[in-house]
Structures are given as structure tokens and as C-alpha cells.
Number of protein chains: 2
Amino acid sequence: MNIEQSMALFREKCNQHGLKITPQRTAIFEEMVRAKDHPSTDDLYQRIVRIFPNISFDTVYRTLLSFSQMGIVNVVEGYGEKKRFDPNIETHHHFRCMKCYEIIDFSSESLDCIEIPQELQNRFKIVNKRVVLEGLCDKCSK
Amino acid sequence: MNIEQSMALFREKCNQHGLKITPQRTAIFEEMVRAKDHPSTDDLYQRIVRIFPNISFDTVYRTLLSFSQMGIVNVVEGYGEKKRFDPNIETHHHFRCMKCYEIIDFSSESLDCIEIPQELQNRFKIVNKRVVLEGLCDKCSK
DNA sequence: TTACTATATAGTAATGATTCTTATTTAGCA
DNA sequence: TGCTAAATAAGAATCATTACTATATAGTAA
């Protein structure tokens, strides 16, 4: 999905959920789409504040939460550090470095289609499935 | 693994890592082993403080972190809420409820042996692999 | 276009979790 | 039994998140 398409999806989803399309929201979403690093709220705030010097941290924070509720960004699983967000909403998987805490996306067709036991599908309403690997990333294992 | 065995492992690992076996550490580990609910630091503190009325939150917190560094408990993946710990260090998987945030363990032999692409094994030093499902738990989907 | 209204925002304060500091205590060795 | 490095308790500091409120604005309807 390119930026144009992402922005169109953004506007559509905002309308669907009755959210107004404000310059702040637009900028936050656009910056999020460009992000390749699972930024935290503060990371995003640092980037947005260059464009909107008066924007408040709270606005960025609330906006990212709305986005995640609307399903146009994801909250990445972590280990009790600050929240981190992911603009990639297609099925993918994560490697997490136990040393530098970097979260690295990867995709794998074979992992995409792992079979969830029927018993679990009956018990839970499953929205998302993902493989999470932990260990040392290429930089840290040197 | 029963409690006796867990406590033996605990003492062995402490010796291995040069940690002293204090009554506080012993109590924290024992309480952790009994826990079936991925407790947070504060949950554990509330339980321990009944036995050691003077124990400090910080001691519980530091102790749990040491345990996770020693590999005798795990930190559970979450979404930016407080840290939660898991005494189950054998391979298992997690279902996480998007509504009540409960984390439910499950095991599945077929999921235990999913194949990680060779490319990733070359790139990273993989210590742990796990399937994480998100959705609504049985209670919340009613 | 303009006026209206519900929603969004900025600024700031409050809360909650984690981590640090320091004086005191203690486990484990000699 | 005494010694010493490590551990603890208590409280303070830091950092992330969330709440509050007055003002501003997007989007609708005249």
C-alpha cells in the first residue's frame, strides 16, 4: 500500500468512526505511515512537533490510541516498556531483541498460515495471530 | 515440575549466578511458582507483604527482574501496560484478550514445532518462539 | 457563505509504574 | 565467630500515561 492509498484509507476510516479529519490527525497518521521503527508515542511526538510546534503530547497519545481502536495502526507487544505502535496492519511477525529491545518485522508465508487448533477457535474469538521470536538481533549477537 | 523441584532449581540457579539465597527471594520465587495468573510486580508484592510485612516494593521488583535475567521466570509480552511475569518457562503460547487484557496460556504440540525459516535462524540468535493470539476471551465474547 | 454545535486540541496537572539512592542488615565464606 | 560483599527497606526521583478544562475548529445545516 502506498502513501496515497494509506491516506485514503485513513479518511475513510475516520468517516466510518465519526472522527473529524483534523490537520493534527492527518499529520500524525502520515508520520506513522512513514515510520519504519515501531515508534513510541514520544518518538512520534518528537517528529510531529517539528511540523506543529504547539501540539501537545496528549493529542499525539490520544490520537494514536484512537487509530489503534479503529484498526489503522497496531500496538506492538512488548515487555512492559512504553507503548509502541506499528503502521503495518497486514499479517506479519515479530522478532524482538532481548538486549537492545528493537522489534524487527518479518514475514513468512509458511508462518502466516499456521493452523490454530479447533479447540481454541471454539473457545476464543481470535482476531489476530502472530509468531513472536525472542533472542539476539544481528547487531547485538556480534 | 512440582514445587520441590522448582525450589531446587531456584537454589541451583542462584548459586550459578552468585545470588544469595535470602528468605525474601525464596518467598518471592515460591509465590511466583504458585501463581497461575501472570502477576504484575504489584500483584506479587501484595501477596508477599502478608508474609514479610516490611518488604519493599523495590525488593520484589528487583528480585523479579533478576529472576527473569536468570531465566527462571519470564516477562510476558503485553501492550504497554505494567510488566507481568510468568513462572512457566517451558515452551507455550499465549492468548491475550483485547478487552479484559487477561493473558491465557495454552499449549499445542503442533504449534510448539512450527518451523522457523532458515534465513531467520541465520540472521538472529533465536532463544524463544511463541504463537501469540489476540482477540476476545470466552468471558468477554459473551 | 455563515452560524452552530459537537468534537478536538493545547496546556497543564494528576496519577501510576519504574528506577535510583542511601543507610542498614545479612548470607555465606574464611 | 567475624568479615565483607551483596541485599534490603524506605523513601525520593524519574518517566509514562491519563485526566481536566478552557479554547478552537471541522463539518453540518441554514
Side-chain angles (χ1 to χ4, degrees), chain A residues 7 10-31 38-70 72-73 75-85 101, chain B residues 7 10-31 38-70 72-73 75-85 101:
Chain A
M7 296 315 292
F10 163 71
R11 285 186 294 269
E12 190 192 316
K13 284 279 183 175
C14 280
N15 288 330
Q16 257 177 44
H17 289 80
L19 293 193
K20 293 179 179 172
I21 297 168
T22 65
Q24 291 91 333
R25 277 188 184 145
T26 308
I28 292 168
F29 186 74
E30 204 172 323
E31 200 61 54
H38 310 96
S40 66
T41 312
D42 194 56
D43 294 335
L44 251 289
Y45 171 73
Q46 297 301 337
R47 293 169 206 179
I48 300 291
V49 83
R50 294 185 211 145
I51 311 167
F52 287 90
N54 288 340
I55 202 167
S56 72
F57 179 88
D58 187 47
T59 298
V60 178
Y61 177 79
R62 270 183 301 94
T63 302
L64 288 173
L65 280 192
S66 322
F67 289 173
S68 75
Q69 278 157 13
M70 289 157 61
I72 57 176
V73 309
V75 180
V76 168
E77 68 280 347
Y79 295 81
E81 313 96 30
K82 55 179 113 168
K83 273 198 186 57
R84 293 172 67 174
F85 297 88
Y101 300 121
Chain B
M7 296 315 292
F10 162 71
R11 285 187 293 269
E12 189 191 316
K13 285 277 183 177
C14 281
N15 288 329
Q16 256 177 47
H17 288 82
L19 293 192
K20 293 178 178 171
I21 296 168
T22 65
Q24 289 93 333
R25 277 189 183 142
T26 307
I28 292 168
F29 185 75
E30 202 172 323
E31 201 61 54
H38 309 98
S40 66
T41 311
D42 194 56
D43 294 335
L44 250 290
Y45 171 71
Q46 297 302 337
R47 293 169 207 178
I48 300 291
V49 84
R50 293 184 211 144
I51 309 167
F52 287 90
N54 289 340
I55 203 167
S56 73
F57 179 87
D58 188 50
T59 296
V60 177
Y61 177 78
R62 271 183 301 95
T63 301
L64 288 172
L65 281 192
S66 325
F67 288 173
S68 74
Q69 279 156 13
M70 289 158 60
I72 56 174
V73 309
V75 179
V76 170
E77 68 280 348
Y79 295 80
E81 312 96 30
K82 54 180 115 169
K83 274 198 185 57
R84 292 170 67 174
F85 298 88
Y101 301 120

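No experiment lies behind these values; they were computed from the predicted model shown.
Between Phe10(B) and Phe67(B), the distance separating the two ring centers is shorter than 6.0 angstrom.
Here dA10(C) sits opposite dT21(D) as a Watson-Crick or G-U wobble pair (both hydrogen-bonding atom distances under 3.5 Å).
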Can you give me the N/O atom pairs linking the protein to nucleotides 6-10 of chain C at distances under 3.5 Å, or say none if there are none?
residue: dA6(C); atom: N3; partner: Lys20(A); partner atom: NZ; Å: 3.2
residue: dT7(C); atom: O4'; partner: Lys20(A); partner atom: NZ; Å: 3.4
residue: dA8(C); atom: OP1; partner: Arg25(A); partner atom: NH1; Å: 2.9
residue: dA8(C); atom: OP1; partner: Arg25(A); partner atom: NH2; Å: 3.0
residue: dA8(C); atom: O5'; partner: Arg25(A); partner atom: NH2; Å: 3.4
residue: dT9(C); atom: OP1; partner: Thr22(A); partner atom: OG1; Å: 2.7
residue: dT9(C); atom: O3'; partner: Gln24(A); partner atom: NE2; Å: 2.9
residue: dA10(C); atom: OP1; partner: Gln24(A); partner atom: NE2; Å: 3.4
residue: dA10(C); atom: OP2; partner: Ser56(A); partner atom: N; Å: 3.3
residue: dA10(C); atom: OP2; partner: Thr59(A); partner atom: OG1; Å: 2.7

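For the pair Phe57(A) CZ and dA13(C) P, the computed distance is 17 Å after rounding to whole Å. Nucleotide dA17(C) holds its C1' atom 17 Å from the CG atom of Asp42(A), rounded to whole Å. In this structure, the NE2 atom of His17(B) is 13 Å from the P atom of dA7(D), given to the nearest Å. Following rounding to the nearest Å, Gln46(B) (CD) and dG16(C) (P) show an atom-to-atom distance of 13 Å. Per the geometry, CG belonging to Asp43(A) stands 15 Å off P belonging to dC15(D), to the nearest Å. Between the CD1 atom of Ile21(B) and the P atom of dT8(D) there is a distance of 12 Å, given to the nearest Å. Between Lys82(B) atom NZ and dT15(C) atom C1' the separation is 12 Å, expressed in whole Å. Here dA10(D) presents its C1' atom at 10 Å from OH of Tyr45(B), a figure rounded to the nearest Å.
Nearest heavy-atom pair, Cys14(A) versus Met70(A), reported as atom, atom and distance to 0.1 Å: N-CE, 3.7 Å.
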Please step through side chain to side chain contact (heavy atoms under 4.5 Å, CB included) for the pair Thr63(A) and Gln24(A), ending with a clear verdict.
CA-CA 9 Å; Thr63(A) 302; Gln24(A) 291 91 333; 6.0 Å; no
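With Arg84(A) contributing its side chain and Val76(A) its backbone, the two residues share no donor-acceptor pair below 3.5 Å. Using modelled atom types, one side-chain atom of Arg25(A) and one backbone atom of Lys20(A) make a donor-acceptor pair closer than 3.5 Å. Thr59(A) places no side-chain N or O within donor-acceptor distance of the main-chain N or O of Ile55(A), the cut-off being under 3.5 Å.
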